[in-house]
Amino acid sequence: MRGRVVATGKPARLRFVAGLDAHYQPRAGLVWGAAALLSWPHLELVESALACRPLDFPYVPGLLSFREAPALIAALDCLSRRPDLVFVDGQGIAHPRRLGLASHVGVLADIPAIGVAKSRLIGSFDPPGQEKGASAPLIDKGEVIGAVLRSRAGVRPLFVSIGHRVSLDAAVALVIAAAPRYRLPEPTRLADKLSRMHGA
DNA sequence: GCGACAG
DNA sequence: ATCTTGTCGC
């Protein structure tokens, strides 16, 4: 599937974006996928959706898509409107096979996608500056696979990478624009809130 | 052989 | 991802 990832471009028109996040419910053996639909550029929540799938695959670093992608795509399909872009909680091409969760979902759903991970899977980097918007390249095998981005001053950096049909520069700019107030971009933050409000 | 390892 | 308790800081 990695040959189907498009690593350039940006959404032609941006009216609605979505955040996708998953939540594991161990006692039920389920994964819940949450989708939060927001207006752009005002980032107001306009709709949210939840979907669950049975979980039969263990967590293995590098194989996260096999656990989460089905539930995320199901939640995305529940939205009454198809977003112009999705922010996915996980890596895009910053992955050993260049096919992390965000790229997997982007290709399968054929939608522009950005990977926004809270921590590193692979790659080396120098710490970015402390100011908002500071970034440093994430490198693996001599290749730039993403950006380590300080989305807010002084916070732990995010790991931004190309998901599908978005260039890295555009992805970084979009994440900054989507995170005016918190460390996580608003779409991912609201999807995360929605998914854990449910399990607990 | 050992450490590292999205969620 | 999940669990639990305290603690620090804005």
Side-chain angles (χ1 to χ4, degrees), chain A residues 1-2 5 19-36 50-76 86-108 113-125 130-132 136-141 143-164 168 171-172 175 179-185 187-200:
Chain A
M1 270 178 69
R2 74 173 162 198
V5 173
L20 301 179
D21 189 27
H23 164 272
Y24 175 42
Q25 198 178 19
R27 302 202 308 171
L30 295 173
V31 200
W32 287 87
L50 285 165
C52 70
R53 287 293 178 269
L55 185 58
D56 47 14
F57 201 90
Y59 172 69
V60 179
L63 304 183
L64 182 63
S65 294
F66 293 104
R67 303 190 104 205
E68 300 201 345
L72 295 185
I73 291 171
L76 178 61
V86 294
F87 294 80
V88 182
D89 183 31
Q91 314 287 347
I93 65 170
H95 176 276
R97 299 182 180 123
R98 304 296 183 261
L99 194 77
L101 179 63
S103 296
H104 196 114
V105 168
V107 167
L108 284 184
I114 297 174
V116 184
K118 297 180 290 297
S119 63
R120 184 198 73 110
L121 175 59
I122 59 163
S124 57
F125 62 96
Q130 292 295 316
E131 71 278 14
K132 172 172 180 164
L138 181 64
I139 309 285
D140 178 55
K141 297 175 177 166
E143 187 182 344
V144 175
I145 58 171
V148 185
L149 175 67
R150 196 85 65 184
S151 56
R152 304 282 303 157
V155 301
R156 264 193 313 143
L158 297 177
F159 295 78
V160 178
S161 56
I162 290 169
H164 186 47
L168 182 57
V172 167
V175 168
R181 192 159 171 191
Y182 297 97
R183 175 182 178 240
L184 290 179
T188 331
R189 204 184 128 261
L190 294 183
D192 181 79
K193 183 191 281 188
L194 176 67
S195 75
R196 78 172 97 199
M197 204 181 292
H198 192 266

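Since this is a predicted model, take the numbers as computed values, not measurements. All chains are named by letter (A, B, ...) in the order of the sequence lines, taking the proteins before the strands, and each is independently numbered beginning at 1.
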Self-check item: Proximity to DNA chain B (any heavy atom under 4.0 Å), residues of residues 152-159 of chain A only
Solution: none
Exercise. For residues A:R183 and A:K118, determine if any side-chain heavy atom of one lies less than 4.5 Å from a side-chain heavy atom of the other.
Key: yes
Quiz item: Between A:Y24 and A:R67, is there a cation-pi geometry (under 6.0 Å to ring centre, at most 45° from the normal)?
Solution: yes
Exercise. Return the value, rounded to whole Å, for the distance between atom CD of A:E68 and atom P of B:dA6.
Key: 12 Å
Quiz item: Rounded to the nearest Å, what distance is computed from the CZ atom of residue A:R97 to the C1' atom of nucleotide B:dA6?
Solution: 14 Å
Quiz item: In whole angstroms, how far is the P atom of B:dC5 from the CG atom of A:L138?
Solution: 12 Å
Practice problem: Could you state the atom-to-atom distance from CZ of A:F125 to C1' of B:dA6 in whole Å? | Solution: 13 Å
Practice problem: Using a 4.0 Å heavy-atom cut-off across all strands, classify A:Q91 as base, sugar-phosphate, or nothing. | Solution: base
Quiz item: How long is the gap from CG on A:L64 to CZ on A:F57, to the nearest 0.5 Å?
Solution: 10.0 Å
Exercise. Give a yes/no answer on whether the side chain of A:Y59 brings an N or O atom under 4.0 Å of OP1 or OP2 in B:dA6.
Key: yes
Quiz item: Looking only at heavy atoms, what is the nearest atom pair of A:A102 and A:G115, with distance?
Solution: CB-CA, 3.5 Å
Exercise. Could you tell me whether A:L72 contacts a base, only the sugar-phosphate backbone, or nothing, with contacts defined as non-hydrogen atoms closer than 4.0 Å?
Key: nothing
Quiz item: Among A:D89, A:V116, A:I114, which residue meets the side-chain contact (heavy atoms from CB on, under 4.5 Å) test with A:P185?
Solution: A:V116
Quiz item: For A:R53 and B:dG7, what is the distance between atoms CZ and P respectively, to the nearest whole Å?
Solution: 22 Å
Practice problem: Measure the shortest side-chain to side-chain distance between A:Q130 and A:R150 over non-hydrogen atoms and say whether it is less than 4.5 angstrom. | Solution: yes
Quiz item: Any donor-acceptor pair under 3.5 Å linking the side chain of A:H95 with the backbone of A:G62?
Solution: yes
Quiz item: Closer than 4.0 Å, any side-chain N/O of A:S119 to the OP1 or OP2 of B:dG7?
Solution: yes
Self-check item: Any side-chain heavy-atom pair of A:L149 and A:P157 under 4.5 Å
Solution: no
Quiz item: So what does A:G115 hit on the nucleic acid, given a heavy-atom distance under 4.0 Å: a base, only sugar-phosphate, or nothing?
Solution: nothing
Exercise. Using whole Å, report how far CG of A:L20 lies from P of B:dG7.
Key: 14 Å
Quiz item: Which part of the nucleic acid does A:R67 contact within heavy-atom distance under 4.0 Å: base, sugar-phosphate only, or nothing?
Solution: base
Exercise. Figure out the OH/C1' separation between A:Y24 and C:dC3, and round it to whole Å.
Key: 12 Å
Quiz item: Counting only side-chain N and O atoms of A:K118, is one of them less than 4.0 Å from OP1 or OP2 of B:dA6?
Solution: no
Exercise. May I ask you to say whether A:D140 pairs ionically with A:R98, meaning some side-chain N is under 4.0 Å from a carboxylate O?
Key: yes
Practice problem: Check every atom of B:dG7, B:dA6, C:dA1 against the side chain of A:H23 and return the nucleotide holding the closest atom. | Solution: C:dA1
Practice problem: Return one dot-bracket line describing DNA chain B 5' to 3' (Watson-Crick or G-U wobble pairs, both distances under 3.5 Å; ( ) same strand, [ ] crossing, | another strand, . none). | Solution: .......
Quiz prompt | Below 4.0 Å: OP1/OP2 of B:dC5 and any side-chain N or O of A:R120 | solution = yes
Quiz item: Are the side chains of A:L20 and A:L101 in touch, meaning some heavy atoms are under 4.5 Å apart?
Solution: no
Quiz item: Nearest-Å distance, CG (A:L121) to C1' (B:dC5)?
Solution: 7 Å
